[in-house]
S.K.: 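One structure, as structure tokens, below. Some questions next.
Computed from a predicted model, the values in this text were never measured in an experiment.
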Amino acid sequence: KARWVVHGFTQRHGIDYDETFNPVVKPATIRVVLSIATSRRWLIHQLDVKNAFLHGHLEETVYCQQPPGFVDPAHPDHVCLLQRSLYGLKQAPRAWYQRFAMYLHQLGFSASASDTSLFVLQEGGATAYLLLYVDDIVLTASTPTLLQRITERLHSEFAMTDLGDLHHFLGISVTRSSDGLFLSQRQYALDLLQRAGMAECHSTSTPVDARAKLSATEGSPVADPTEYRSLAGALQYLTLTRPDLAYPVQQVCLFMHDPREPHLALVKRILLYVKGTLSVSLHIGIGPVDKLIAYSDADWAGYPNSRRSTSGFCVFLGDNLVSWSSKRQTTVSRSSAEAEYRAVAHVVAECCWLRQLLQELHIPLKVATVVYCDNVSAVYMTANPVH
């Protein structure tokens, strides 16, 4: 098998390509759709597109040389005018997304405004949801007939493989039982430990010391900053199913520009914690998905160098945890109440987005979202219309 790959690094912006951004589905959207499908006991299938980027149509005029070994001896100086995208082109991912979205629109799907990689089909009393992450597709529908019909239509247009029930998506292992779904990244975590040379190390019970705050200037610089950045980035991906790692991973990612020995020690501590919690997975239950409940908290002036605070929140859809975040605030808060209030504002914005997403999924919530905050002053500020 051979593939023609072009030299995309020779392309010039504004001449050979314009926009290159290709949207991918958000992790919270995946968890919301899986929660709805699980609670209603819908079938969930996964599809894989073969050579996805070759399906895209080019809007720009792109010429390339004849591929080696296939040069026309009669016209060796001729060039090829591309009509479809090839691997290596900077606009190939975007061209594929536009091609696929256009075909789904012909089938009756509508793209969500909240997440452009989520497509919803409402046909009579039947509903179908399709999630797109480059060439990986998760498809669920309220009836097996509708699911099969959509799959057949996609097969007729694109070369793709129906992998059956959802079992492994984006490096996440999905196990279905009578209690719902279990999302696990055990194999990914094992590979990460092996890569870091810590597969045989002893585990620890906590991922971070919450009392000790890391400084950006203390300690000597690490010998290999590239390895630090690689491990920190890999740990970021592990937070897709591990909300317990959100805060410590956020802490180590603050020092990507100039990692030092204490920062590397925290990375190793997180890996030791992962070693002892390999069996931990995210559970998506079969309970009702009729309400949103959110919890927020803040660490006032927790970053010693800039005195900025850290916001954290988690949002439950029914009993399922669908969204969480740990993030340093963009400005300095002058009181703990102000820091907590900013954290509440962040989670309220997330809840507004989730409510809009559920509206587009035709699952409107009939009750208000309750947000819990442990700071009395912030609660009073929220309730005061003058503020």
S.K.: For the pair Arg328 (side chain) and Leu254 (backbone), establish whether a donor and an acceptor sit closer than 3.5 Å, ignoring hydrogens and angles.
M.R.: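 Absent.
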
S.K.: Measure from the ring center of Trp42 to the ring center of Tyr129 and say whether it is less than 6.0 Å.
M.R.: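 Yes; Tyr129 has its ring centre under 6.0 Å from that of Trp42.
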
S.K.: Are the side chain of Asn375 and the backbone N or O of Ser377 linked by a donor-acceptor pair below 3.5 Å?
M.R.: yes

S.K.: Just say parallel, tilted or perpendicular for the rings of Phe119 and Phe100, cut-offs at 30° and 60°.
M.R.: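 Phe119 and Phe100: perpendicular rings.
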
S.K.: Taking 4.0 angstrom as the limit, do Arg260 and Asp258 come out as a salt bridge?
M.R.: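 The answer is yes: the pair qualifies as a salt bridge.
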
S.K.: Give a yes or no on whether the backbone of Ala234 and the side-chain of Tyr188 come within a donor-acceptor separation of less than 3.5 Å.
M.R.: yes

S.K.: Between Tyr17 and His13, is the ring centre distance below 6.0 Å?
M.R.: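 That pair passes the under 6.0 Å test.
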
S.K.: Salt bridge between Glu19 and Lys90, side-chain N to carboxylate O under 4.0 Å?
M.R.: no

S.K.: Please check if the number of heavy atoms outside Asp136 that lie under 6.0 Å from its CG is greater than 12.
M.R.: yes

S.K.: When you measure from the side chain of Gln46 to the backbone of His168, do you find a donor-acceptor pair of N or O atoms at a distance under 3.5 Å?
M.R.: yes

S.K.: When you measure from the side chain of Trp4 to the backbone N and O of Pro67, does any donor-acceptor pair fall under 3.5 Å?
M.R.: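 Checking the backbone N and O of Pro67 against the side chain of Trp4, no donor-acceptor pair under 3.5 Å is found.
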
S.K.: Parallel, tilted or perpendicular: which describes the rings of Tyr133 and Phe169, with under 30° parallel and over 60° perpendicular?
M.R.: perpendicular

S.K.: Report yes or no: does His263 contribute a side-chain atom to a donor-acceptor pair with the main-chain N or O of Ser215 at less than 3.5 Å?
M.R.: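 Indeed, once roles are kept as given, a pair shorter than 3.5 Å links the two residues.
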
S.K.: Under the 3.5 angstrom rule, does the side chain of Arg94 hit a backbone N or O of Asn22 as a donor-acceptor pair?
M.R.: no

S.K.: May I ask you to say whether Glu157 pairs ionically with Arg153, meaning some side-chain N is under 4.0 Å from a carboxylate O?
M.R.: no

S.K.: Glu360 side chain to Ala113 main-chain N or O, any donor-acceptor pair under 3.5 Å?
M.R.: yes

S.K.: Does atom NE2 (His202) have a neighbourhood of more than 12 heavy atoms from anything else shown, all under 6.0 Å?
M.R.: no

S.K.: Can you tell me how far the OG1 atom of Thr143 sits from the CG atom of Leu43, to the nearest 0.5 Å?
M.R.: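 Going from OG1 on Thr143 over to CG on Leu43, the span is 9.0 Å.
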
S.K.: Indicate the atoms forming the closest heavy-atom contact of Leu272 with Cys201, along with that distance.
M.R.: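 Smallest heavy-atom distance, with atoms named: CD2-CB, 3.5 Å.
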
S.K.: Would you say the side-chain atoms of Arg99 pair up with the backbone N or O of Gly56, donor to acceptor, closer than 3.5 Å?
M.R.: no

S.K.: Given the rule in the side chain to side chain donor-acceptor pair (under 3.5 Å) test, do Arg242 and Thr277 qualify, once you have shown the distances and angles that lead to the verdict?
M.R.: CA-CA 10 Å; Arg242 297 290 299 272; Thr277 56; 2.7 Å; yes

S.K.: Does Glu227 reach the main-chain N or O of Ala196 with its side chain, forming a donor-acceptor pair under 3.5 Å?
M.R.: no

S.K.: Specify whether His78 and His75 have parallel, tilted or perpendicular ring planes, treating 30° as the upper limit for parallel and 60° as the lower limit for perpendicular.
M.R.: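 Judged by the thresholds at 30° and 60°, the geometry between His78 and His75 is parallel.
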
S.K.: Is the NZ or CZ atom of Arg308 positioned over Trp300's six-membered ring, under 6.0 angstrom from the centre and within 45° of the axis?
M.R.: no

S.K.: If the plane angle is over 60° it's perpendicular, under 30° parallel, otherwise tilted; pick one for Tyr103 and Phe158.
M.R.: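 Because their plane-to-plane angle is over 60°, the rings of Tyr103 and Phe158 count as perpendicular.
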
S.K.: Are there more than 12 heavy atoms of other residues, nucleotides or ligands under 6.0 Å from atom CD of Glu261?
M.R.: yes

S.K.: Does the pair Lys213/Asp299 count as a salt bridge with the N-to-O cut at 4.0 Å?
M.R.: yes

